[in-house]
**Q** 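Supplied in structure tokens, the structure appears directly below.
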Amino acid sequence: MASVSSQPQFRYTQPPSKVLHLRNLPWECTEEELIELGKPFGKVVNTKCNVGANRNQAFIEFADLNQAIAMISYYASSSEPAQVRGKTVYLQYSNRQEIVNNKTTADVAGNVLLVTIEGTDARLVNIDVLHLVFSAFGFVHKITTFEKTAGFQALVQFSDIETASSAKNALDGRSIPRYLLPENMSPCSLRITYSAHTDLSVKFQSHRSRDYTNPYLPVAPSAIDASGQFGVGLDGKKLEPESNVLLASIENMQYAVTLDVLNQVFSAFGPVQKIAMFDKNGGLQALIQYSDVQTAVVAKEALEGHSIYDGGFCKLHISYSRHTDLSIKINNDRSRDYTIPSPVMVNPQPSILGQQPMQMMGAAAPHQYNGGQYAPNPEQPVMHHQPPAGWGASGPVGPQHMPHMMNNHHPYMPPPGSMPQMGHGMMQHQQHMPSQGGAPQHPGSMPPNRPDQMQ
DNA sequence: AGCACA
């Protein structure tokens, strides 16, 4: 025995192991090269590259101890040393009996992302905002949020690894778009790794956690009592129940606000399903329908009080509508159903909305709102699932455009307050418009720089 | 050229 145990790490004779320790490997030696090296002697069942401070060591594990012995024995008596890329490598038995591959969990791709929200106001980030951000890449099944030493974190569950990966690649290191956050909030960036989870357990819908696959999941009592930011539309207890349909009234309407303009503005937060415009008291109002309440909530919070055009023109006031599904009977310049691919509609007739706009239509209502057409026709509220790709992961505003959006250059949504950057010359021209009373503009009077013509 | 690190 003598000196065998005196300096364990520098013994020249190791007890045999099916794991071999390799040194002096070339830079960035690959697993394939190690397998090639060991293959003549047996079955290589595992390897580990880039070991040690210089990352030039490695391990090879054989299926059988005799195979490792064969390799050591061969090179012990061979005139040709073991080589990788012409470089001599030194072999010996490892002092361990098996390779433990410590792949960090963050390196193993999965369908659940671990998101760390960084920033002084990180914990103020609403779960609905997170949902919206990640929905751009596919249907978000569940979100849970929690506080850890790392800060404010969230687990975001997608249906598959591919979707999660695309979200991670696009969002890791980026900031949440400013217009999705309250104005006075400092920026929040996202750090994203893969979680080892595959299916999150969400017991309640709450301000901390959501299960979007199960809209009927009970609402956490704490969330109801808090009555603050939370509402999934399951309980009618709130004073102004959240809705997937927004009622927007437009004040100080110096310029024409068309259906297209509204669509551009509101589509920044998710696909707009339907829009219906109508007049009330000489002003313009519109109902904007999203597929889900969460999107509407974010849109309302972002847009409320902001003006479509610089200078406080066409200022938006937004509330939740009592509608859940607008009945659009015809696509024209005042109403549009974007869920119907073709503008051809059966039995065309003037736009009929539900009760809410009907009540608002006074004597000044345009003639196309025909009396006999007002019969309420409430459709069955449809429980829409999340759109497959929020902002259009496969559409024109896909993840590849996220950097733009993150820089507040979202093509559809300049930050509120500086929205459609109208040319000043045009604004002067518009001063001639006889629109002090906020009367709706005819189509020919719309500003030339409509949002949908800008990038 | 000398044993991995969550």
Side-chain angles (χ1 to χ4, degrees), chain A residues 1-116 118 146-151 153-155 161 164-165 168 172 191-198 200:
Chain A
M1 52 193 295
S3 65
V4 169
S5 59
S6 59
Q7 286 186 318
Q9 63 271 51
F10 290 124
R11 291 172 299 190
Y12 279 84
T13 55
Q14 299 282 137
S17 163
K18 61 186 191 327
V19 180
L20 302 183
H21 177 223
L22 286 68
R23 320 187 300 269
N24 201 38
L25 286 159
W27 178 247
E28 302 219 322
C29 175
T30 65
E31 179 175 30
E32 287 70 31
E33 288 172 310
L34 296 179
I35 293 173
E36 283 301 308
L37 190 65
K39 201 160 58 178
F41 306 97
K43 181 172 172 54
V44 177
V45 295
N46 205 353
T47 65
K48 186 169 182 65
C49 314
N50 303 318
V51 169
N54 296 329
R55 299 171 62 81
N56 62 349
Q57 301 176 42
F59 296 94
I60 298 177
E61 179 176 337
F62 283 100
D64 188 82
L65 177 63
N66 290 331
Q67 299 166 352
I69 292 173
M71 187 169 181
I72 291 292
S73 302
Y74 174 83
Y75 285 113
S77 58
S78 169
S79 55
E80 293 289 318
Q83 292 185 327
V84 171
R85 285 183 233 163
K87 194 169 185 223
T88 297
V89 302
Y90 301 87
L91 299 170
Q92 61 188 149
Y93 297 115
S94 170
N95 55 21
R96 301 201 196 180
Q97 295 303 307
E98 62 181 10
I99 291 176
V100 285
N101 282 84
N102 280 318
K103 283 197 170 142
T104 60
T105 56
D107 291 337
V108 179
N111 65 317
V112 178
L113 299 177
L114 173 62
V115 181
T116 304
E118 299 177 330
F146 48 91
E147 297 271 354
K148 274 289 182 65
T149 49
Q153 295 187 305
L155 290 164
I161 293 173
S165 297
K168 177 178 181 294
D172 188 18
R191 283 290 161 198
I192 305 178
T193 60
Y194 294 106
S195 164
H197 290 92
T198 56
L200 304 174

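Convention: sequence-line order gives letters A, B, ...; per-chain numbering from 1.
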**Q** Please state how far atom CG in A:L22 lies from atom C1' in B:dC3, giving the value in whole angstrom units.
**A**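 Nearest whole value for this atom pair: 11 Å.
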
**Q** What distance do A:L114 atom CG and A:I192 atom CD1 have between them, rounded to the nearest 0.5 Å?
**A**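 One gets 9.5 Å once the value is rounded to the nearest 0.5 Å.
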
**Q** What's the spacing between A:I99 CD1 and A:I60 CD1 if we round to 0.5 Å?
**A**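 So the gap between those two atoms works out to 8.0 Å.
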
**Q** In this structure, how many angstroms lie between the P atom of B:dC3 and the CG atom of A:N101, rounded?
**A**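 In whole Å, B:dC3 P and A:N101 CG are 19 Å from each other.
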
**Q** Got a sec? Which of residues 52-71 of chain A come in under 4.0 Å of DNA chain B, heavy atoms?
**A**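 Contacting residues: A:Q57, A:F59.
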
**Q** Please figure out whether A:N50 or A:K87 has its closest DNA chain B nucleotide nearer the 5' end.
**A**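 Of the two residues, A:K87 wins.
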
**Q** Between P on B:dC5 and CD1 on A:I99, what's the gap in Å once rounded to a whole number?
**A**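 Value for this atom pair: 13 Å.
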
**Q** Enumerate the residue pairs fulfilling salt bridge (charged side-chain N to carboxylate O under 4.0 Å, His left out) with a member in residues 92-102 of chain A, sequence neighbours excluded, ordered by first and then second residue.
**A**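 Of all non-adjacent pairs touching residues 92-102 of chain A, none passes salt bridge (charged side-chain N to carboxylate O under 4.0 Å, His left out).
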
**Q** Can you tell me the distance, in whole Å, between the CG atom of A:L34 and the C1' atom of B:dC3?
**A**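 Atom-to-atom, A:L34 to B:dC3, this comes out as 15 Å.
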
**Q** Are A:F62 and A:F41 close enough that their ring centers fall under 6.0 Å?
**A**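 Not close enough - the centres of the two rings lie 6.0 Å or further apart.
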
**Q** Without decimals, in angstroms, what is the distance between A:R96 CZ and B:dG2 C1'?
**A**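 A:R96 atom CZ is separated from B:dG2 atom C1' by 14 Å.
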
**Q** Categorize A:V19 for me: base, sugar-phosphate, or nothing, with a 4.0 angstrom heavy-atom threshold over every strand shown.
**A**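 Nothing, no heavy atom under 4.0 Å.
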
**Q** Rounded to whole Å, please give me the gap between CD in A:E98 and C1' in B:dC3.
**A**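 Whole-Å distance recorded here is 15 Å.
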
**Q** What distance separates A:K87 NZ from A:L25 CG, expressed to the nearest 0.5 Å?
**A**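 Taking NZ in A:K87 and CG in A:L25, the distance rounds to 7.5 Å.
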
**Q** Check the distance between B:dA4's P and A:N95's CG and give it to me in whole angstrom.
**A**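 Computing the A:N95:CG to B:dA4:P distance gives 8 Å.
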
**Q** Under the rule for side chain to side chain contact (heavy atoms under 4.5 Å, CB included), what residues qualify as partners of A:N56, not counting sequence neighbours?
**A**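 A:N56: side chain to side chain contact (heavy atoms under 4.5 Å, CB included) contacts with A:N54.
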
**Q** Can you measure A:I72 atom CD1 to B:dC3 atom P for me and round it to whole angstrom units?
**A**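 Rounded to the whole Å, the gap is 15 Å.
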
